[in-house]
Undergrad: 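Would you mind keeping the following structure in view while I ask a few things?
Residues take their numbers from the sequence shown, with the count starting at 1. In listed order, ligands and their atoms are each counted from 1.
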Amino acid sequence: AAETLGGIGVGGGDQLSVVMKFGGSSVSSAARMREVAGLILAFPEERPVVVLSAMGKTTNLLLLAGEKAVGCGVIRVSEIEEWNLIKDLHIKTVEELALPRSVIHTMLDELEQLLKGIAMMKELTLRTTDYLVSFGECMSTRIFAAYLNKIGVKARQYDAFDIGFITTDDFGNADILEATYPAVAKRLHGDWIRDPAIPIVTGFLGKGWKSGAVTTLGRGGSDLTATTIGKALGLREIQVWKDVDGVLTCDPNIYPNATTVPYLTFEEAAELAYFGAQVLHPQSMRPAREGDIPVRVKNSYNPKAPGTLITKQREMDKVVLTSIVLKSNVTMLDIVSTRMLGQFGFLAKVFSIFEDLGISVDCVATSEVSISVSLDPSKIWSRELIQQASAPIYMQNQELDHVVEELEKIAVVHLLQQRAIISLIGNVRRSSLILEKAFQVLRKSGVNVQMISQGASKVNMSLIVHDSEAKQCIKALHQAFFEDDVLTEVEEEALHMS
Ligand SMILES: Nc1ncnc2c1ncn2[C@@H]1O[C@H](COP(=O)(O)OP(=O)(O)O)[C@@H](O)[C@H]1O
Ligand SMILES: N[C@@H](CC(=O)OP(=O)(O)O)C(=O)O
């Protein structure tokens with residue numbers, strides 16, 4: 001028979017049923033942690049695995065503290081502003097939750113030692129950076145598990161790198177390896193059967209299979225931790241709790257009139273994330289799709305809102321456009337063959353150069369003798385964990401110079417910077433309608449589209465414009481597709497035809 005712990009029914013025989021992931025904004029303070037505990041307890045019929053990100057902006061603060069430690073000297077480490085903010089936030093949270101300081105004391109000591117080590121070595125490798133940022137998730141989960149136990153809800157903290165999250169050794173952007181699924185399932189399920197307690201797992205982290213060192217899954221990687229656990233355990237549902245009402249029709253920071261998209265397919269969500277919507281980690285849909293486990297995006301600040309439900313299929317008949325996504329600071333390359341190689345030899349060579357340099361391409365357009373590509377900004381500087389906008393400009397340029405140098409052996413290359421990709425995620429069966437409307441809007445706004453990429457994906461059409469015009473375009477497109485009540489004739493016709 002199921003015993004009840006603090007309102008959550010946990011019977012040893014029952015399977016874990018859902019994964020609930022809470023992002024940094026959901027657990028940014030003691031008050032928020034209390035609310036999150038309340039949210040978990042509000043579903044007493046569930047047996048959740050909880051995945052947490054670092055509190056608030058801790059990951060950014062750790063990165064900045066590390067950068068400062070490189071240049072400040074051991075003695076001044078204690079004065080690093082970001083280190084003090086991290087320390088104060090975690091100590092304050094522990095105190096406000098009336099927990100003993102010992103919950104995070106060792107972690108804070110180790111973190112200070114690490115910053116001193118960085119200061120002493122005057123260098124911060126990618127491997128050390130991952131170890132450094134891991135303290136964020138290691139602390140938030142320890143605090144939250146201790147709090148649940150204190151209020152009588154049995155919980156057990158886990159570091160993902162100790163329970164089978166095996167990854168490649170690409171520090172800062174590691175990929176999860178297949179061996180992770182059986183290992184994580186065995187550990188979490190086994191512990192649950194033996195001694196039921198809500199697992200509280202660190203998001204974002206893994207263990208490199210060769211190095212044995214802590215790795216991170218790329219910014220926002222806790223979403224991927226959650227879907228990986230969902231697939232590993234074959235759970236009923238994966239919930240990702242954010243600070244917005246779900247996936248929205250566009251980034252609310254760009255245009256506040258964005259509204260919630262109630263349903264998405266895995267494919268739509270993956271494209272949306274890949275093309276830059278910060279709301280989901282680009283790789284996070286893969287395990288959910290493979291395990292066919294629904295993902296629900298919910299707002300921890302507004303739990304009553306229905307959120308977004310992401311599943312394998314959905315009714316597409318009435319769908320025209322679902323969401324508009326912007327990827328800024330994109331670099332384009334126009335590569336015109338010098339005809340030293342035949343056409344297929346030319347294309348093969350261009351892509352082998354990208355492969356050799358580890359550079360990902362987002363959009364591609366070709367003619368007989370030329371090829372235009374846009375380069376994924378986060379991938380060009382993937383070795384830089386801090387978001388690309390703040391990556392040192394010399395580093396960006398060095399990497400680009402290298403690409404151009406290699407390509408110039410077989411082609412004339414024009415580098416076009418400060419471009420933006422506007423991705424229209426929607427029903428590609430209505431591509432003519434979507435493009436007609438989009439081009440009408442852009443023409444009225446006086447914007448010239450520099451490249452179009454459509455066809456490879458069933459749900460996405462991409463337009464490249466100049467960065468300086470992009471936000472204005474998003475606003476105008478949003479108004480035309482989502483705010484004009486009256487369907488235009490052409491839309492009605494298309495809907496009738498379907
Ligand atoms: N299309 C979109 N839908 C929803 N949120 C978006 C979208 N594009 C960008 N965002 C931003 O993503 C944020 C949520 O993602 P993230 O910060 O990773 O959440 P968390 O840290 O809670 O996991 C939102 O606060 C919003 O500003
Ligand atoms: N803390 C990590 C991982 C993460 O997923 O965070 P969030 O869920 O707050 O986006 C980051 O900031 O990248």
Undergrad: Where does H281 meet ligand 2, judged by heavy-atom distances below 4.0 Å: at the side chain, the backbone, both, or neither?
TA: neither

Undergrad: Among all the protein's non-hydrogen atoms, which is closest to atom 9 (O) of ligand 2, and how far away is it?
TA: G24 N, 2.8 Å

Undergrad: Could you check atom 20 (P) of ligand 1 against the protein and tell me its nearest heavy-atom contact, residue, atom and distance included?
TA: G23 CA, 3.8 Å

Undergrad: Considering heavy atoms of the protein only, find what lies nearest to atom 6 (O) of ligand 2 and give residue, atom and distance to 0.1 Å.
TA: S53 OG, 3.4 Å

Undergrad: Which heavy atom of Q157 sits nearest to which heavy atom of A145, and what is that distance?
TA: CB-CB, 3.9 Å

Undergrad: Only heavy atoms of C250, strictly under 4.0 Å: list the atoms of ligand 1 that pass.
TA: 1 (N), 2 (C)

Undergrad: Would you tell me which option among T59, V27, D251 has the nearest heavy-atom contact to atom 10 (N) of ligand 1?
TA: D251

Undergrad: I need the nearest protein heavy-atom contact for atom 19 (O) of ligand 1: residue, atom name and distance, please.
TA: K242 CD, 3.5 Å

Undergrad: Rounded to the nearest 0.5 Å, what separates atom CG in N84 from atom CG in L89?
TA: 12.5 Å

Undergrad: For ligand 1, indicate whether the residue V244 contacts it via side chain, backbone, both or neither (heavy-atom separation under 4.0 Å).
TA: side chain

Undergrad: Of the backbone atoms (N, CA, C, O) and the side-chain heavy atoms from C-beta on, which set of S222 has a member under 4.0 Å from an atom of ligand 2: side chain, backbone, both, or neither?
TA: both

Undergrad: Does G221 come within less than 4.0 angstrom of ligand 2, counting non-hydrogen atoms of the residue?
TA: yes

Undergrad: In terms of residue, atom name and distance, what is the protein heavy atom nearest to atom 10 (O) of ligand 2?
TA: G220 CA, 3.7 Å

Undergrad: Heavy atom under 4.0 Å from ligand 1: found in V279's side chain, backbone, both, or neither?
TA: both

Undergrad: Between L272, T259, N253, V297, which one has a non-hydrogen atom sitting closest to atom 27 (O) of ligand 1?
TA: N253

Undergrad: From the options A226, S222, P252, G24, select the one whose nearest heavy atom is closest to atom 26 (C) of ligand 1.
TA: P252

Undergrad: For V330 versus K327, what's the shortest heavy-atom pair and its separation?
TA: CG2-O, 3.4 Å

Undergrad: Number the atoms of ligand 2 from 1 as they appear, then name those within less than 4.0 Å of a heavy atom of K21, with their elements.
TA: 8 (O)

Undergrad: Return yes or no for this condition: an N or O of V247 is under 3.5 Å from an N or O of ligand 1.
TA: no

Undergrad: So, does E137 sit close enough to ligand 2 that a heavy atom of it is under 4.0 Å from the ligand?
TA: yes

Undergrad: Using every non-hydrogen atom in the two residues, find where L16 and L235 come nearest and quote the distance to one decimal.
TA: O-CD2, 3.1 Å

Undergrad: Looking at ligand 1, is there an atom of it that comes within less than 4.0 Å of some heavy atom belonging to G246?
TA: yes

Undergrad: Among all protein heavy atoms in this structure, tell me which lies nearest to atom 11 (C) of ligand 2, with the distance rounded to 0.1 Å.
TA: R219 NE, 3.5 Å

Undergrad: Say whether K242 and ligand 2 are in contact under the criterion: heavy-atom distance to a ligand atom below 4.0 Å.
TA: no

